[in-house]
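Inspection log for the structure reproduced underneath, given as structure tokens.
Keep in mind that the numbers below use all heavy atoms, side chains included, and drop hydrogens, waters and symmetry copies.
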Amino acid sequence: MITDESLTELKAYFKDIQISEEDQHHPLGNSGRVTIFPKTEQEILTVLAYANTNGHSVFIMGGGTKRGFGGMLEKADILLTLAQYTGIVEHNPGDMTITVKAGTSFQEIQTYLARYKQKIPLDPYNPKHATIGGIVSANDSGPKRLGYGSARDNVIGLRMVYPDGTLIRSGGKVVKNVAGYDMNKLFIGAMGTLGVVSQVTIKLRPIAKYESILFVSFPERNVEEIRAFAAKVLDSMIEPITLEILNPSLAGNLTNNNQYILLISFEDVKSSVHYQEDFIKKIIPDKTTLRSLSQNEAKSFWDHFYHQQPNGLINVTTTEAVLKIGVVNLDAIKILQEAELIADACHVSIEAHGGLGTGICYLTIRGATEDILSAIQHMRKSAVKHGGYAVVKHLPFSLRKEINVWGEKTAAHFLFEGIKQKIDTNIILNKNRYVGGI
């Protein structure tokens, strides 16, 4: 624990690195007695080595969008923020790979790549502020995961700083890298509990020549009809980037149409997109309505979509929660249907969407404190009933203390604990941020 005396010592030791003592009691927690802003990889190594030697706990933050995701401690001794550790390290347009520093925002990278007509095939929430390190650490993804895959599919190399200040490299800088164990996957999604992401090497894809979105509305809310139609799309030869079901509450917010809406998006050359659109138009069920958005309209919609979910940068004036549920792909329809019933029973509002090709659902829950906690518990039971899981992705710190945000431990939990103990012997890094209090 940092005392006033050790704080003076710490400031003297890091006299060339920016240090702040502000924001110790953020309503989302995951704060620090002091905040340190390294600008280089060597400074990250130095901070962690110092903390490990002196027994100081460390939390890690990028852009701050995931501040309400996990964590049972309000503050650590040190909040290590990578906000000033940014920039492109290396870009190989011909090999279609890029290496970037972990604190670089996702939007900054995409803007840079646009001049080469390339992009990172990921679609995180809050792309203007989410950093590539945070996206990788949380394995964050959105509705386009169906066509893009996740960080685990696209990251090919990492530079990691272990809690004792040791620098390691996993993967490589080329796509065809098959030597040894795929250590990348150990760190992706580990919520920063095993080390600080320093640099990320990720494979790219060309920016599509054309994109569009189709909204298929189901006014009679016939979930079996939605399921049958989605199965027909998935079994066909077309390749949508997104096949996402929106519940009436979210659909009303995004499209001014309070019905179940199936969102289908395409990215390809213009003729291919139109061919796939025509296929959808021929197989939509009776009594449904279809609306399309092309190119600029589609981009504007996605910009709105990726900023409608609560995150750690929004002023916490109302109680909000974000729940991530994973089930067998088409069971996402059942989750959204049961969410409507639970919203009524618990007196909360729930805006929800689910991937019918991935089974991953996101629910934004708003209401009174006790009602939100009750809704989370009911939705978790529903997920387990369907053979899935439920993870709380965003919740104020005071409420995270009252609910198990990760759900019950699995039989393999002892492996997680063993890996954490081996890598972080003194348990200083992002303590209690991951499953089972790791």
Side-chain angles (χ1 to χ4, degrees), residues 26 28-30 58-73 76 79-83 85 100-107 109 120-145 148-155 158 160-161 170 183-200 202 306-307 309-314 320-326 355 358 360-364 389-395 397 400 405-407 416 419-420 429-438:
H26 193 284
L28 294 175
N30 293 317
V58 180
F59 283 161
I60 311 162
M61 185 170 74
T65 60
K66 298 170 182 63
R67 197 165 193 163
F69 190 175
M72 297 306 296
L73 300 177
L79 176 63
L80 182 69
T81 175
L82 304 183
Y85 180 61
V100 293
K101 296 178 182 178
T104 314
S105 76
F106 186 78
Q107 189 60 62
I109 303 169
I120 294 176
L122 292 173
D123 67 325
Y125 293 87
N126 307 293
K128 292 180 181 178
H129 301 287
T131 62
I132 191 65
I135 292 165
V136 168
S137 294
N139 195 30
D140 194 17
S141 62
K144 293 185 179 182
R145 181 170 178 158
Y148 288 176
S150 68
R152 285 196 174 101
D153 301 304
N154 292 292
V155 171
L158 292 172
M160 299 288 302
V161 184
S170 64
M183 290 287 288
N184 292 330
K185 291 183 171 61
L186 179 64
F187 303 114
I188 298 172
M191 296 299 292
T193 55
L194 300 179
V196 176
V197 177
S198 171
Q199 294 180 15
V200 181
I202 194 164
Y306 290 119
H307 289 87
Q309 196 178 85
N311 67 85
L313 296 180
I314 297 175
E320 300 175 314
V322 177
L323 195 61
K324 177 183 178 181
I325 293 177
T358 63
I360 297 175
C361 310
Y362 291 98
L363 287 69
T364 297
Y389 64 87
V391 171
V392 181
K393 274 194 62 181
H394 176 88
L395 196 65
F397 174 72
R400 294 205 302 274
V405 297
W406 289 100
F416 300 158
I419 294 170
K420 171 68 173 177
L429 197 56
N430 269 17
K431 185 178 180 181
N432 297 146
R433 192 75 191 266
Y434 194 42
V435 179
I438 291 177

About how many Å separate NE2 of His394 and CD of Glu320, when rounded to the nearest 0.5 Å? 6.0 Å

Please tell me if the side chains of Leu73 and Phe59 come closer than 4.5 Å, counting only heavy atoms from C-beta onward. yes

Say whether Asn430 and Thr193, considering side chains only, have a donor N or O and an acceptor N or O under 3.5 Å apart. no

Applying ring-ring contact (aromatic ring centres under 6.0 Å, His included), name anything that partners Tyr434, two or more places apart in sequence or on another chain. Trp406

Taken to the nearest 0.5 Å, the spacing of Leu429 CG from Ile60 CD1 works out to 4.0 Å

Are any of the side-chain heavy atoms of Ile135 and Val200 separated by less than 4.5 Å? no

Pairs in or reaching into residues 126-135: which pass side-chain hydrogen bond (donor to acceptor under 3.5 Å, both in side chains), with residues at least two apart or in two chains? Asn126-Asn311

Using the test salt bridge (charged side-chain N to carboxylate O under 4.0 Å, His left out), find all partners of Lys101 that sit at least two apart in sequence or belong to another chain. none

At their closest point, which heavy atom of Phe69 faces which heavy atom of Val391, and how far apart are they? CE2-CG1, 3.8 Å

To the nearest 0.5 Å, how far apart are OG in Ser141 and CD1 in Ile360? 5.0 Å

Heavy atoms only: give me the nearest Gly149-Asn154 pair and the separation to one decimal. C-ND2, 4.0 Å

To the nearest 0.5 Å, tell me how far Leu79 CG sits from Thr81 OG1. 6.0 Å

Determine whether Tyr85 and Gln199 make a side-chain contact, defined as any pair of heavy atoms from C-beta on separated by less than 4.5 Å. yes

Between Val322 and Pro310, the two heavy atoms sitting closest are CG2-CD, 3.7 Å

4.5 Å side-chain heavy-atom contact, Asn30 and Arg400: yes

Within the distance-only criterion (no hydrogens, no angle test), does the side chain of Asn432 pair as donor or acceptor with the backbone N or O of Gly71 below 3.5 angstrom? no

So, do Lys393 and Gln309 sit near enough that their side-chain heavy atoms are less than 4.5 Å apart? yes

Quickly, which of Asp140, Ile132, Val136, Asn139 forms a side-chain contact (heavy atoms from CB on, under 4.5 Å) with Pro124? Name it, please. Asp140

I'd like to check Ile109 versus Ile202 (side-chain heavy atoms, cut-off strictly below 4.5 Å). Are they in contact? no

Search all heavy atoms of Val161 against all heavy atoms of Ser198 and return the closest pair with its distance. CG2-CB, 4.3 Å

Any side-chain heavy-atom pair from Phe106 and Ile120 closer than 4.5 angstrom? yes

Going by the rule ring-ring contact (aromatic ring centres under 6.0 Å, His included), which residues pair with Tyr306 if we only count those two or more places apart in sequence or in a different chain? Tyr125, Trp302

Shortest non-hydrogen contact from Ser170 toward Asn184: OG-OD1, 2.6 Å

Does a sphere of radius 6.0 Å around NZ in Lys431 hold more than 12 heavy atoms from other residues, nucleotides or ligands, not counting ones at 6.0 Å or beyond? no

For residues Ile438 and Arg433, determine if any side-chain heavy atom of one lies less than 4.5 Å from a side-chain heavy atom of the other. no

Can you name the residues that form a side-chain hydrogen bond (donor to acceptor under 3.5 Å, both in side chains) with Lys324, not counting sequence neighbours? none

Please report the interatomic distance CE(Met160) to OG(Ser137), rounded to the nearest 0.5 Å. 6.5 Å

Rounded to the nearest 0.5 Å, what separates atom OG1 in Thr65 from atom NE2 in His307? 10.0 Å

What residues, two or more places apart in sequence or in another chain, satisfy salt bridge (charged side-chain N to carboxylate O under 4.0 Å, His left out) together with Lys420? Asp424

